[in-house]
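Values reported hereafter were calculated over all heavy atoms of this structure, with side chains retained and with hydrogens, waters and symmetry mates removed. In this chain, residues are counted from 1 in sequence order.
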Amino acid sequence: QVELVESGGGLVQPGGSLRLSCEVSGKFYNVVSVGWYRQVPGLQREFVAAMVSGGGSNYGDSVKGRFAISRDNAKNTGYLQMDNLKPEETAVYYCQDSVRKNAGRQYDDYWGQGTKVTDSS
């Protein structure tokens, strides 16, 4: 069973930084892509950033230039570096990985449990 465990959320002042982590555990072949989303209660989940295994990445318009997605394959962990955070970015942040369980082409999507980022002002 593949599992994603997130960490790194917490209180942050406007303009501050946080780094979120998402570790993949269990039996799998490789991670095809890593993504981050966020959700404010009562609103739809919003795309933040994504990275494919070849290294290409893309970002939501509101976070471009401030957030950076990365991955350490040796640690089976993805990261979201968030700089210059804004109060309205208080939300629960979720990672979503597309994972292959074998060398075939099929992959499955998995979600982490979410980690909360809260404006402390």
Side-chain angles (χ1 to χ4, degrees):
Q1 181 69 18
V2 175
E3 185 179 10
L4 273 59
V5 178
E6 300 165 10
S7 59
L11 294 173
V12 60
Q13 291 185 344
S17 298
L18 281 177
R19 188 176 79 158
L20 306 183
S21 300
C22 176
E23 182 178 4
V24 184
S25 63
K27 187 175 181 181
F28 62 95
Y29 180 74
N30 70 346
V31 176
V32 176
S33 65
V34 179
W36 290 92
Y37 296 76
R38 62 189 179 192
Q39 188 167 24
V40 175
L43 300 181
Q44 285 190 331
R45 196 167 291 189
E46 175 191 16
F47 170 76
V48 176
M51 170 181 275
V52 296
S53 60
S57 60
N58 61 301
Y59 297 88
D61 288 342
S62 65
V63 306
K64 287 180 181 177
R66 298 186 296 118
F67 289 16
I69 189 171
S70 62
R71 176 166 176 80
D72 186 334
N73 290 322
K75 296 182 179 179
N76 291 326
T77 301
Y79 302 97
L80 183 68
Q81 177 67 40
M82 306 186 296
D83 297 325
N84 193 19
L85 279 159
K86 302 176 182 180
E88 59 267 32
E89 293 179 312
T90 288
V92 177
Y93 285 71
Y94 298 89
C95 65
Q96 183 264 310
D97 286 7
S98 298
V99 179
R100 291 198 296 178
K101 293 184 179 179
N102 53 53
R105 301 180 67 177
Q106 184 179 353
Y107 60 87
D108 298 306
D109 293 335
Y110 296 88
W111 289 87
Q113 82 286 358
T115 184
K116 193 170 185 179
V117 174
T118 305
D119 170 41
S120 63
S121 63

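- Closest approach of V12 to S17, counting heavy atoms only: CG2-N, 3.8 Å.
- A pairwise comparison of heavy atoms in M51 and I69 identifies CE-O, 3.4 Å as the closest pair.
- Contact record, S7 with T115: C-OG1, 4.2 Å, taken as the closest heavy-atom pair.
- With hydrogens and angles ignored, the 3.5 Å screen pairs no side-chain donor or acceptor of E3 with any backbone N or O of S25.
- Remark: the D72 side chain and the T77 side chain contain no N/O donor-acceptor pair separated by less than 3.5 Å.
- Judged by distance alone, with hydrogens and angles left aside, the side-chain atoms of T90 form a donor-acceptor pair with the main-chain N or O of D119 at under 3.5 Å.
- Taking both residues in full, the closest heavy atoms of L18 and G8 are given as CD2-O, 3.8 Å, listed atom of the first, atom of the second, then distance.
- Here the shortest heavy-atom pairing between A68 and Y59 reads CA-OH, 3.4 Å.
- Side-chain polar atoms of N102 and R100 form no donor-acceptor pair below 3.5 angstrom.
- Side-chain contact check for R38 and Y93: at least one donor-acceptor pair (N or O, by modelled atom type) lies under 3.5 Å.
- The pair R66-E89 counts as a salt bridge, with a side-chain nitrogen and a carboxylate oxygen less than 4.0 angstrom apart.
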Verdict with reasoning, V2 to K27, per side chain to side chain contact (heavy atoms under 4.5 Å, CB included): CA-CA 6 Å; V2 175; K27 187 175 181 181; over 6 Å; no

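- Aromatic pair W111/Y37: centroids less than 6.0 angstrom apart.
- Taking a cutoff of 4.0 Å between a charged side-chain nitrogen and a carboxylate oxygen, K75 and E23 do not qualify as a salt bridge.
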